[in-house]
Amino acid sequence: MSAYYPQDIEKKWQTYWQEHQTFRTPDDQSLPKYYILDMFPYPSGSGLHVGHPEGYTATDILARYKRMNGFAVLHPIGWDAFGLPAEQYAVKTGTHPRETTQKNINRFREQLQMLGFSYDWSREVNTTDPDYYKWTQWIFLKLYEKGLAYEAEAPVNWCPELGTVLANEEVIDGKSEVGGFPVIRKPMRQWMLRITEYAEKLLEGLDDLDWPESTKEMQRHWIGKSIGAEIDFTIRDHEQGEKIRVFTTRPDTLYGATYIVLAPEHHLVTVITKNDYKERVENYIEQASKRSDLERQELSKTKTGEFTGAYAVHPITGEQIPIWIADYVLAHYGTGAIMAVPGQDERDWDFAQAFDLPIIRTVQPPDDFEGGAYTGDGPAINSGFLNGLMIEQSKSKMIQHLEKIGSGTKSINYKLRDWLFSRQRYWGEPFPIIHVDGKPRPLPVTELPVTLPDVEKFQPTKTGEPPLAQAMEWVHTTDPITGEKALRETNTMPQWAGSCWYYLRYISPDFDGGPVDPEKESYWMPVDLYVGGSEHSVLHLLYARFWHRVLYDCGIVSTKEPFQRLVHQGMILGEVEYTGFRQNGEWISSDQLGKSTESGNEASQEASQGTGSSIERVRLEESEIEKRGDAFVLKGTDIRIEAKAHKMSKSRGNVINPDDVVHEFGADSLRLYEMFMGPLEQVKPWNTKGVEGVYRFLNRVWRRYLGDDPDGKDQIQISNREATRAELKHLHQTVKKVSDDIEGMRFNTAISALMIFLNEANTWKDLPSSVAEPFLILLSPFAPHVAEEIWERLGHTGSISQQAWPVADESLLKEETILYPVQVNGKVRDQLSVDADKASEKVYVLEQAKQLPNIQKYLEGAELIKEIFVPRKIINLVIKPGKGL
RNA sequence: GCGAGAGUGGCGGAAUUGGUAGACGCGCUAGAUUUAGGAUCUAGUAUCUUAACCGAUGUGGGGGUUCGAGUCCCCCCUCUCGUACCA
């Protein structure tokens, strides 16, 4: 068999790599290290999708490249294997999640190996393995010890459908991130982690990280630091002397505070409300508590609220201002109370308008300002001692004054809230906690791991009792230290727990003296490159940073931050689809549709706005359409259609299965194609024709090396002759380009360079081995199987992956002649070829340029005003045209 | 609304510091080979004009800086992602 049959060679090399432990991490700390990490997958039942190989191929290329450049490379993989789907499957079928998980892991491992990734499989971790989660529990005990883990009875996000509580980060628009089920607020006993204590450290730590700016920005927003002041307002006729404390970022506007608003849940509401208003206020609180976050958001445009009948005293003017309650003030942010300054705040303005409350401007808006609240800068007005000052100055002067009279102080607030860390689920890490007389006690480290007991049923009870509560024998235990009767914690940890520190376990997966061997940790950390989806920008990446920073403070790790460089791979969309629209049998232009047709991508028929008649979506073939202007239209008409690539989804039926691609074209083609599609970070549509393109390229490589014998014999096309200078130049240009592009993770242009080389090499009568072999090495990180196979057939033993990466010879890269584009008035009119050693001689080159026939044409009868000469780049002659032109 | 990013051929994309816009791949056209198809090879392929060369136009739109702008500056439009009463 001489033709390229990926099916015949890929399995062979995968087995070879495994048997020879080709990619085992070297244990030699004298080598420079490179830790390259993939976000480990959740092994779902549906197997790998084409998104996985994208990031994984990128890191694999880099890992192989770094190894060939003499680095000790740590490139591991594992399984984020706790999670809801396996548990839900257990509820339905009674299959233990352990079994489902193991099955899925095996499938995933097989699929990853099928793609030829160079992981060190001896370091595989699995978050559901008791030997692993023993250390997850150990870290939890550290957090507990440091006072960073606590129990609280708190209103939580309870999702009845999922039967569990969710972290704030897992609730999106009032619905669960997983499944999109409604979430309500409900008070329950929960474990919390005091991530807020690390708000400042987590914020500062971002500055020195080589991460996408957008991701850092998202984390900064999530932490949400605001600098301002807390101001106390006394309450009129209130004997207990309690004060209302508000948080504001605009203390400069205090003179414009015309009323106070408390969150409905604020503890003073019931205390201060006057009898005449009690009924209405209680009613409002009741209403507000029933509303989900979703409803609150939907109703956010119209402000609601109630007057309490009470008044506060303005700390500076001494005036009395009314105290209201309204749900636009959030109980959990700041102090749960605000001073309303409608003149400078849009929300307060809307509220004041709705309830006819007074408005005082304290910042002079510009003359042409129209509208309500003015939030821009300007001189202070109506503000006593602040008048005339700009905002920044006013702020600090006001804070000074408040501090002097004892009515306020400078204050910093964060949006970040403590992390709700328990779930009412079975398939998660048990807490290493027991309760004696209702009080939590940590178990000693010697009791770890606390393993999951088997249970009969996996669903939580209606009241929210976790499934573990049914394991009576397990729940009832004794305190190993005192011997007292105790109850085990029946909540489990959220899925994020295991992924908070897995990158440490890879470093020393069998170490039993702690989560990580300190001696190895200080060598390998930090992770040099971390690649994964941007959907983890806030959740996983913030939680992991938090744990890591705590471990740093405990002296367990040596770096403040875990992931030095982060790259997100862009999503791969389905193939582009062309859709035409028909209404009552007539084609209509897509730009005449209401915006509403865009939503609900599953529906094939949707009601158009107003008319009630239905619009039919029709899938069109490429042959039925054409481009007109900047849009696609139905061929021969002006009827616009929609051309769009959509997210892959089962319901849309546009999912590409990597198994199928590998079956048809081989793993090397899948790898190559996913890297060739475009920049790694970018969102890109799939195109099966593109896979065929790179497959053809690999076929050409094969034929260039091994020939095309119809009888199936290798006809080696490699010669022993000496390579010409021109051939070496092509090779070394390619070496340089491919090396630079891999370092910069520009894999698409690296592959393009490989193709350019091959196109060139195909014009030669044969391939000298001094050129052929380095090129094969350049190809090997991208398409490892075919590179190994050809390498072997050329007579080599051992793996090509252990060859040294070629180094570009600068002396061969030098051009012998320089080709100058010659412009006249900025337009290229001719070209001039100059010997490299004369190329920088301005006078000589310009003289030559002016002699060019095409240039003469323009110079004739014209006045030469200026000569631009950029050595080795360009010549531009600026003229005032003569008559002839 | 706010924040971030992006608009380049029929399509994915290239152009690393302001210096020949469209590399590479797909698709398409013609030819060679083949009984035919597929595969392979050769040539062409931004648009307009032209037999061809030449020429003109051209990187979402409008202005500007410069000898020279896809790249820098200002204004506007569109799209994608994120976020949303955080005081």
Side-chain angles (χ1 to χ4, degrees), chain A residues 3 172-173 212-218 220-222 224 226 228 246-250 253 261 296-297 299-301 303 326-330 332-335 337-341 344-348 350-351 413-417 534-535 537-538 570-571 576 622 625-627 630 632 643-645 673 676-679 681-694 696-697 699-700 703 708 740-741 744 746 748-756 759 762 819-831 854 857 865-870 872-879:
Chain A
I172 292 164
D173 292 340
E213 201 48 47
S214 59
T215 303
K216 290 208 236 182
E217 208 49 34
M218 275 165 82
R220 288 194 189 105
H221 272 140
W222 191 263
S226 334
V246 303
F247 173 74
T248 177
T249 55
R250 293 291 303 276
T253 62
V261 188
R296 276 199 182 195
Q297 277 165 28
L299 298 168
S300 69
K301 275 160 206 134
K303 297 269 182 291
D327 68 0
Y328 84 91
V329 173
L330 307 173
H332 53 71
Y333 182 77
T335 59
I338 62 154
M339 64 176 206
V341 189
Q344 274 72 231
D345 184 287
E346 275 162 26
R347 298 153 298 182
D348 296 343
D350 292 346
F351 192 80
N413 235 293
Y414 298 92
K415 271 200 283 192
L416 186 69
R417 284 188 268 162
S534 58
E535 65 272 21
S537 291
V538 178
M571 203 191 330
V576 175
E622 243 173 293
I625 56 156
E626 65 182 335
K627 182 101 175 201
D630 54 0
F632 283 96
K644 211 176 162 183
Y673 174 64
F676 189 58
M677 289 172 88
E681 299 86 342
Q682 200 167 299
V683 177
K684 309 164 275 273
W686 184 268
N687 178 5
T688 298
K689 292 279 188 199
V691 190
E692 292 172 22
V694 297
R696 282 202 282 267
F697 165 67
N699 273 285
R700 285 200 296 274
R703 288 198 303 269
D708 196 11
D740 288 353
D741 281 353
R746 294 179 297 267
N748 54 332
T749 50
I751 293 166
S752 152
L754 294 171
M755 290 172 167
I756 291 169
N759 289 345
N762 269 332
L819 194 64
Y820 276 102
V822 183
Q823 298 181 331
V824 176
N825 284 353
K827 292 202 163 117
V828 180
R829 298 300 181 184
D830 211 336
Q831 301 196 336
N854 256 349
K857 204 165 82 188
I865 300 169
K866 202 169 176 184
E867 299 172 349
I868 308 286
F869 174 74
V870 184
R872 291 167 179 270
K873 288 266 173 175
I874 207 161
I875 292 158
N876 189 9
L877 303 172
V878 186
I879 60 166

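The sequence lines fix the lettering, A, B, ..., with proteins before strands; numbering per chain opens at 1.
Separation of the C1' atoms belonging to B:A21 and B:A14 is 10 Å when rounded to the nearest angstrom. On the C1' atoms, B:U78 is 10 Å away from B:G61, given to the nearest whole Å. B:G60 and B:G70 have their P atoms separated by 10 Å, with the value rounded to a whole Å. Using atom C1' as the reference point in both B:A6 and B:A87, the two lie 33 Å apart (nearest Å). Nucleotides B:C2 and B:C75 are separated by 14 Å at their P atoms, to the nearest Å. For the P atom pair drawn from B:G19 and B:A69, the interatomic distance equals 11 Å after rounding to whole Å. Across the C1' atoms, B:C74 and B:U65 are found 11 Å apart, a figure rounded to whole Å.
Ring orientation note: the planes of A:Y328 and A:F351 are tilted relative to one another, at an angle of 30° to 60°.
Nucleic acid contact class of A:L754 (heavy atoms, under 4.0 Å, all strands): none. Among the atoms of the strands shown, none is found under 4.0 Å from any heavy atom of A:P212. Contact annotation for A:S537: no contact, since no heavy-atom pair falls under 4.0 Å across all strands. Within the nucleic acid shown, A:E213 has no heavy atom closer than 4.0 Å to any nucleic acid atom.
A:W222 has its CH2 atom 14 Å from the P atom of B:G82, to the nearest Å. Residue A:D350 contributes atom CG, which lies 12 Å from atom C1' of B:G1 at whole-angstrom precision.
Remark: A:K827 is in phosphate contact with B:U57, judged by side-chain N or O atoms under 4.0 Å from OP1 or OP2. Phosphate contact (OP1/OP2 of B:G3, side-chain N/O of A:S214, threshold under 4.0 Å): absent. Taking 4.0 angstrom as the limit, A:R829 places none of its side-chain polar atoms (N or O) nearer than this to OP1 or OP2 of B:C54. For the OP1/OP2 pair of B:G12 and a distance below 4.0 Å, the side-chain nitrogens and oxygens of A:K684 include no atom meeting the criterion. A sub-4.0 Å separation between OP1 or OP2 of B:G13 and a side-chain N or O of A:Q682 is present.
Contact check for A:D345 versus A:T253: no side-chain heavy atoms found under the 4.5 Å cut-off. Proximity of A:M677 to A:W686: side-chain heavy atoms (C-beta onward) are separated by under 4.5 Å at one or more points. Considering only heavy atoms from C-beta on, A:K866 stays 4.5 Å or farther from A:N876 through its side chain.
Side chain of A:V329, nearest nucleotide from B:C11, B:C85, B:A87: B:A87. Here the side chain of A:P679 is nearest to one of B:C54, B:G13, B:G3, namely B:G13.
Taken from CG in A:D350 to NZ in A:K303, the straight-line distance is 5.0 Å, to the nearest 0.5 Å.
The backbone N or O of A:P679 lies less than 3.5 Å from a partner atom in the side chain of A:K684, making a donor-acceptor pair. In this structure a side-chain-to-backbone donor-acceptor pair under 3.5 Å is missing from A:Y820 to A:Q831.
In B:G60 the base sits anti relative to the sugar, since the glycosidic angle is further than 90° from 0.
Residue order along RNA chain B, read from the 5' end via each residue's closest nucleotide, puts A:K627 first among A:D348 and A:K627. Between A:T249 and A:M218, the residue whose closest nucleotide on RNA chain B is further toward the 5' end is A:M218.
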Please list, for nucleotides 23-29 of chain B, all pairs of protein and nucleotide N/O atoms separated by less than 3.5 Å.
residue	atom	partner	partner atom	Å
B:A23	N3	A:S752	OG	3.4
B:C24	O4'	A:S752	OG	3.2
B:G25	OP1	A:N759	ND2	3.3
B:C26	OP1	A:R696	NE	3.2
B:C26	OP1	A:R696	NH2	2.9
B:G27	OP2	A:R696	NH2	3.2

Distances under 3.5 Å between nitrogen or oxygen atoms of protein and nucleotides 16-19 of chain B:
residue	atom	partner	partner atom	Å
B:U16	O4	A:K737	NZ	3.1
B:G19	N2	A:Q823	OE1	3.4

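Using a 3.5 Å distance cut-off with no hydrogens or angles, the side chains of A:Y673 and A:N687 do not pair a donor with an acceptor.
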How far apart are the C-alpha atoms of A:S752 and A:I756, what are their side-chain angles, what is the distance that settles it, and do they pass the side chain to side chain contact (heavy atoms under 4.5 Å, CB included) test? CA-CA 6 Å; A:S752 152; A:I756 291 169; 3.9 Å; yes

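Looking at RNA chain B, the stems built from 3 or more consecutive Watson-Crick or G-U wobble pairs, each pair with its key distances under 3.5 Å, are B:1-7 with B:77-83, B:10-12 with B:24-26, B:27-32 with B:40-45, B:46-48 with B:55-57, B:60-64 with B:72-76.
Around the CD atom of A:E217, the shell of radius 6.0 Å holds more than 12 heavy atoms that belong to other residues, nucleotides or ligands.
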